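Predicted, not measured: the structure shown is a model, and the values here were computed from it. When a residue number appears, it is its place in the shown sequence, counting from 1.
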Amino acid sequence: MQSFMKAQKLKAPRMKSTESTFHKNLEEALDVRRADHGFYAQIMPPWRSGTCADFSSNDLLSLGATGLMRKAFLDELARHPDFNLYAGGSRLTGGNYPYIEMVEKEIAEFHGVEEALVVASGFEANIAIFSSIPRPGDAIVYDELVHASTHDGMSQSHALCRKPFRHNDVDSFRDTIADIMGSQPMIANGSRSIIFAVEAVYSMDGDVCPIEEMIEIAREEMPESNFAFILDEAHATGIIGPKGGGLAQSLGIEKDIAVRLHTYGKAMASTGAVILGNSRVRAMVQNFARSLIFTTAPSFPAIASVRAAYNLMKDGTQQKMLDNIQENVKYFFKQLTLDPVWPEAVEMGTLSIPLAEGWEQREHFVHMVPVWSRQRYTYWLSFHLNLSGISAYPIDYPTVPKGQSRVRLVFHGTKTKAEVDRLVRSICAFASEMIEIEKGQTAEKAPKAAQYVYSLLAANAS
């Protein structure tokens with residue numbers, strides 16, 4: 001907490017007169033973020049030291065925390081003692097090697113698809129997909145909450161017509177198709193395509209894409225079937241579907257999705273990502289994606305870690321963790337909504353969790369639960385949780401739209417009910433404190449946690 005607040009201290013006014021204009025301009029730009037306490041500081045998360053319960057990291061199945069992934073990785077390396085640390089070039093020059101081709105074939109078989117192309121990261125994968133797949137004259141229709149990497153990829157796309165639809169809103173999805181069909185003659189006559197960009201699970205909202213309904217709407221609205229879906233499965237990988245294969249596999253719609261993206265830095269506790277499609281998709285990416293053509297191929301250790309993660313998926317190691325996530329998210333909703341302060345907090349608009357509404361009727365839960373609050377309360381809630389021994393971060397613009405900040409909770413495979421109970425108590429204590437402040441039942445204008453943090457900020461300013 002002290003490291004975070006120290007990083008928000010303005011620096012431009014304190015710069016020496018001998019500093020260059022170049023560096024002064026950089027510091028002034030950074031100070032704009034510091035002024036709003038929005039400076040991204042690279043600090044050590046408290047859960048790493050064991051001082052806080054982890055409700056924030058991407059180690060979703062706890063394969064990293066338990067050491068299961070480390071053991072599987074070292075076992076995989078031991079089976080190939082003569083491996084090289086380096087790749088030797090890009091995939092199209094000296095960087096291709098038998099092991100990476102073998103693993104890609106295994107991945108393709110696991111996901112029920114013709115081809116798999118492993119890349120360095122999910123961000124790089126989306127840049128590659130959207131800069132190479134859409135053709136001139138195509139249009140891209142995308143959910144308004146797609147990841148930043150999708151936006152960056154679309155900015156490099158040949159498809160100049162790009163239109164968003166309201167998040168997970170199938171009516172807006174249908175209307176957007178109709179708008180494009182009416183304004184783009186080549187798409188209306190079937191000679192060009194609409195590329196649909198959606199995500200299986202939206203990481204900042206914790207909701208699942210209604211992909212089956214969208215496929216049916218696309219078929220109804222586009223009789224020439226000149227459309228293709230690109231599905232980002234980053235937050236479904238390892239979590240949803242048979243052995244963690246993702247949303248498309250859980251619904252049996254693999255053949256309806258032209259391109260799938262899976263990432264390995266979250267539930268699979270590894271690194272990198274994979275682009276799934278047919279041989280034509282792979283050829284397009286390899287021939288037109290500059291981000292892959294002009295970069296070094298993933299090294300043997302990186303691919304070995306991916307294979308180790310898939311070995312854990314295949315033998316069902318993750319199932320116990322998946323079941324635990326389901327149980328703990330349900331338990332969280334139950335205990336929270338039973339607390340007498342919660343209904344009042346929701347009614348007053350102090351706090352809310354949309355995913356907690358009607359939770360009893362849902363059969364499946366995802367691992368992410370955003371807690372919404374008044375805009376100025378988001379950081380206060382985060383301060384309160386951290387000082388209560390719970391690691392959870394505020395999510396603000398530009399990660400989410402302006403005015404829609406929240407605190408995101410992430411439930412992991414080895415969380416205990418005792419930790420969930422502590423989380424519920426902390427949230428409800430914050431809600432109770434804020435209700436008293438809002439009702440004027442106390443002279444305080446900010447909660448105790450915020451006062452403490454602001455005192456640190458004042459101390460750092462002197």
Distance-only polar pair, side chains of His384 and Tyr377, donor-acceptor under 3.5 Å: no

Examine distances only and state if a side-chain atom of Arg192 and a backbone atom of Pro136 form a donor-acceptor pair shorter than 3.5 Å. yes

Out of curiosity, Tyr310 OH to Glu76 CD, how far, rounded to the nearest 0.5 Å? 14.0 Å

Please name all residues satisfying side-chain contact (heavy atoms from CB on, under 4.5 Å) with Ala125, sequence neighbours left out, ordered by chain then number. Val119, Leu261, Ala273, Ile275

Quick check against the 3.5 Å criterion: does His147 have a side-chain atom that pairs as donor or acceptor with the backbone of Ser203? no

What pairs with Ser405 under side chain to side chain donor-acceptor pair (under 3.5 Å), at least two apart in sequence or on another chain? Gln375, Thr378

Measure the CZ-CD1 distance between Arg135 and Ile133 for me, rounded to the nearest 0.5 Å. 7.5 Å

Do Thr337 side-chain atoms and Lys334 backbone N/O form a donor-acceptor pair below 3.5 Å? yes

Determine, for Phe365 and Lys330, whether the Lys NZ or Arg CZ falls below 6.0 Å from the six-membered ring centre while staying within 45 degrees of the axis. no

Going by distance alone, is a donor N or O of one side chain under 3.5 Å from an acceptor N or O of the other, for His111 and Gln249? yes

With side chains defined as the heavy atoms from C-beta onward, is the minimum distance between Glu199 and Cys209 less than 4.5 Å? no

Minimal heavy-atom distance between Ala392 and Asn386, with the atoms involved, is O-ND2, 3.2 Å

Residues Tyr86, Tyr97; criterion ring pair (Phe, Tyr, Trp, His ring centres under 6.0 Å); working and verdict: CA-CA 11 Å; Tyr86 63 93; Tyr97 49 97; 9.2 Å; no

Results of ring pair (Phe, Tyr, Trp, His ring centres under 6.0 Å) for His167 - residues two or more places apart only: Tyr202

Closest non-hydrogen contact found for Met321 with Leu61 is CG-O, 2.9 Å

Could you list all the side-chain hydrogen bond (donor to acceptor under 3.5 Å, both in side chains) pairs where at least one residue sits in residues 215-240, not counting sequence neighbours? Asn126-Asp232, Arg174-Glu220, Arg174-Glu221, Glu216-Arg219, Arg219-Asp256, Thr237-His262

Tell me, please, which residues at least two apart from Phe165 pass ring pair (Phe, Tyr, Trp, His ring centres under 6.0 Å). Phe173

Excluding sequence neighbours, so at least two apart, what forms ring pair (Phe, Tyr, Trp, His ring centres under 6.0 Å) with Tyr393? none

Ring pair (Phe, Tyr, Trp, His ring centres under 6.0 Å) involving Phe288 - partner list, sequence neighbours excluded: none

Restricting to pairs with a member in residues 177-187, which pass side-chain hydrogen bond (donor to acceptor under 3.5 Å, both in side chains), not counting sequence neighbours? none

Any side-chain heavy atom of Arg362 within less than 4.5 Å of one from Phe333? yes

Do the two ring centres, one from Phe411 and one from Phe55, sit under 6.0 Å apart? yes

side-chain contact (heavy atoms from CB on, under 4.5 Å) partners of Ser352, counting only residues at least two apart: Pro354, Trp372

Counterpart residues, side chain to side chain donor-acceptor pair (under 3.5 Å), relative to Ser193 (two or more places apart): none

Which heavy atom of Ala200 sits nearest a heavy atom of Leu231, and at what distance? N-CD1, 3.5 Å

Any donor-acceptor N/O pair, His412 side chain to Asp54 backbone, under 3.5 Å: yes

Leu423 CG to Tyr331 OH distance, which is reported to the nearest 0.5 Å: 11.0 Å

Presence of salt bridge, Arg406 and Asp205, under 4.0 angstrom: yes

How close do Val410 and Ser56 get, counting heavy atoms only, and between which atoms? CG2-O, 3.9 Å

Could you list the donor-acceptor pairs under 3.5 angstrom formed by side chains in residues 153-160, with sequence neighbours left out?
| unit_1 | atom_1 | unit_2 | atom_2 | d |
| --- | --- | --- | --- | --- |
| Ser155 | OG | Asp152 | O | 2.5 |
| Ser157 | OG | Phe130 | O | 3.4 |
| Ser157 | OG | Ala159 | N | 2.9 |

Quick one, Lys320 with Asp323, criterion salt bridge (charged side-chain N to carboxylate O under 4.0 Å, His left out). Give me CA distance, side-chain angles, the key distance, then yes/no. CA-CA 5 Å; Lys320 181 180 178 181; Asp323 293 342; over 6 Å; no

Nearest heavy-atom neighbours spanning Ala65 and Asp59: N-OD2, 2.8 Å

Would you say the side-chain atoms of Ser62 pair up with the backbone N or O of Thr414, donor to acceptor, closer than 3.5 Å? yes

Would Glu115 and Ser279 satisfy side chain to side chain donor-acceptor pair (under 3.5 Å), going step by step from the backbone distance to the final call? CA-CA 6 Å; Glu115 293 281 352; Ser279 59; 5.4 Å; no

side-chain contact (heavy atoms from CB on, under 4.5 Å) partners of Phe294, counting only residues at least two apart: Arg290

Salt bridge check: are Arg79 and Asp75 linked by an N-O gap of less than 4.0 Å? no

Can any side-chain N or O of Asn278 pair as donor or acceptor with the backbone N or O of Val281 at less than 3.5 Å? yes

Using modelled atom types only, decide if a donor and an acceptor are shared between the side chain of Lys266 and the backbone of Asn58 within a distance under 3.5 Å. no

Taking all heavy atoms of Gly95 and all of Arg91, pick out the closest pair and write down the distance. O-CD, 4.0 Å

